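Reading through the structure tokens given below for one structure.
Computation of the quantities below employed the complete heavy-atom set of this structure, encompassing side-chain atoms and omitting hydrogens, waters and symmetry-equivalent molecules. Everything quoted here is computed from the prediction, not taken from an experiment.
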Amino acid sequence: MAKFRFKNYKIVDASIHISTDSITGKDMSVDIKPQSFVSDKELNYKLQFDINISNSENQFSVFASIIGLFEFDSDLDSVAKDKFFKINAPSILFPYVRAYISTLTSLSGITPVILPTINMVEVMKELEENVDQEASIPNRHID
């Protein structure tokens, strides 16, 4: 069995705002803020993505917050743990974000928004600044 496993995910918050009948702007702004929470005691890792998307004319905006729950074995060394947390976990969770945003926008009567692939190295840099050790996400239980 793998020493690092994806258990579950939840969309914990989402909204879409459309201010006009037709969306004319093609230029989108996509802002992804990752946060992570590690509990060596409980052997779990939670990765949260907060995504804000809007077009250049501010005719629509989408917000989604997703949390992925991962678990790891107690004998996982710190180098492997670091790699899983900063590269593998975001790579595993991001397709769920893409699918959700595409479905949400499609069902809202506008052209579906398909998020571009992201550079995991950039996500990794931001995650290094946003890791809480031995912490949990308040009021966001996803087990």
Side-chain angles (χ1 to χ4, degrees), residues 1-20 23 25-143:
M1 183 178 341
K3 292 183 176 281
F4 183 81
R5 295 166 297 282
F6 177 53
K7 284 186 65 178
N8 196 6
Y9 79 94
K10 270 193 185 166
I11 304 294
V12 294
D13 194 6
S15 64
I16 185 167
H17 298 281
I18 304 169
S19 63
T20 184
I23 307 298
K26 300 288 184 195
D27 294 328
M28 284 191 308
S29 167
V30 178
D31 182 39
I32 300 174
K33 297 286 185 208
Q35 259 188 303
S36 61
F37 307 84
V38 180
S39 173
D40 285 324
K41 180 179 175 185
E42 296 175 18
L43 300 176
N44 70 35
Y45 174 73
K46 292 178 183 176
L47 175 61
Q48 179 173 339
F49 282 147
D50 290 335
I51 300 100
N52 283 294
I53 304 164
S54 61
N55 73 341
S56 56
E57 288 79 21
N58 290 321
Q59 295 167 323
F60 83 96
S61 64
V62 177
F63 171 78
S65 182
I66 183 172
I67 297 174
L69 178 62
F70 300 83
E71 63 184 8
F72 55 91
D73 293 344
S74 59
D75 63 342
L76 186 63
D77 66 76
S78 61
V79 173
K81 219 187 277 187
D82 197 49
K83 179 184 173 195
F84 284 125
F85 292 172
K86 294 177 184 168
I87 297 173
N88 294 37
S91 297
I92 291 167
L93 191 59
F94 189 69
Y96 293 95
V97 173
R98 288 184 83 207
Y100 183 80
I101 297 294
S102 179
T103 301
L104 178 66
T105 54
S106 174
L107 292 174
S108 297
I110 62 174
T111 302
V113 172
I114 300 172
L115 293 177
T117 56
I118 61 169
N119 181 345
M120 287 302 152
V121 173
E122 292 302 316
V123 172
M124 182 180 73
K125 288 177 186 174
E126 194 161 342
L127 274 174
E128 287 175 347
E129 300 168 6
N130 293 312
V131 176
D132 285 340
Q133 291 289 335
E134 298 298 333
S136 62
I137 301 171
N139 301 320
R140 303 233 172 159
H141 187 71
I142 66 167
D143 296 339

Centroid separation under 6.0 Å, is that true for the rings of F85 and F70?
no
Begin from the C-alpha positions of K33 and N52 and carry the test side chain to side chain contact (heavy atoms under 4.5 Å, CB included) through to its verdict.
CA-CA 9 Å; K33 297 286 185 208; N52 283 294; 5.9 Å; no
Can you name the closest pair of heavy atoms from L104 and S15 and give their distance?
CD2-O, 4.4 Å
Start with the C-alpha distance between I16 and T105, add both sets of side-chain angles, then the distance that settles side chain to side chain contact (heavy atoms under 4.5 Å, CB included), and finish with yes or no.
CA-CA 8 Å; I16 185 167; T105 54; 4.0 Å; yes
L69 to N44 - nearest heavy-atom pair and separation
CD1-CB, 4.0 Å
N/O donor to acceptor pairs below 3.5 angstrom from side-chain atoms of residues 94-103, sequence neighbours left out:
from, atom 1, to, atom 2, distance (Å)
R98, NE, L115, O, 2.7
R98, NH2, L115, O, 2.7
T103, OG1, A99, O, 2.9

Can you measure from CZ (F37) to CG (L47) and round to the nearest 0.5 angstrom?
9.5 Å
Just to verify, what does S106 make a side-chain contact (heavy atoms from CB on, under 4.5 Å) with, not counting sequence neighbours?
P112
Please round to the nearest 0.5 Å and tell me the distance separating atom CD1 of I67 and atom CG of D50.
8.5 Å
Can you list everything that forms a side-chain contact (heavy atoms from CB on, under 4.5 Å) with S74? Sequence neighbours excluded, please.
L43
Using 0.5 Å steps for rounding, measure from the CD1 atom of I114 to the CE atom of M28.
9.0 Å
Which residues satisfy the salt bridge (charged side-chain N to carboxylate O under 4.0 Å, His left out) test with D75, sequence neighbours excluded?
K3
With sequence neighbours excluded, residues passing side-chain contact (heavy atoms from CB on, under 4.5 Å) with N88:
K83, F84
Between atom CD of Q48 and atom CG of L93, what is the distance when rounded to the nearest 0.5 Å?
10.0 Å
Name the orientation class of the two ring planes belonging to Y45 and F4 (parallel below 30°, tilted from 30 to 60°, perpendicular beyond 60°).
tilted
For the atom pair CD1 (I32) and CZ (F49), what is the distance rounded to the nearest 0.5 Å?
6.5 Å
Shortest non-hydrogen pair, A80 vs D77, comes out as N-OD1, 2.9 Å
Could you list the residues that satisfy side-chain hydrogen bond (donor to acceptor under 3.5 Å, both in side chains) with D82, not counting sequence neighbours?
K86
Measuring from atom OG of S65 to atom NZ of K10, what distance do you get when rounded to the nearest 0.5 angstrom?
12.5 Å
For a quick test of reading the model, state the closest non-hydrogen atom pair linking F72 to R5 and the distance between them.
C-NH2, 4.2 Å
Does S19 use its side chain to pair, donor to acceptor, with the backbone of Q59 at less than 3.5 Å?
yes
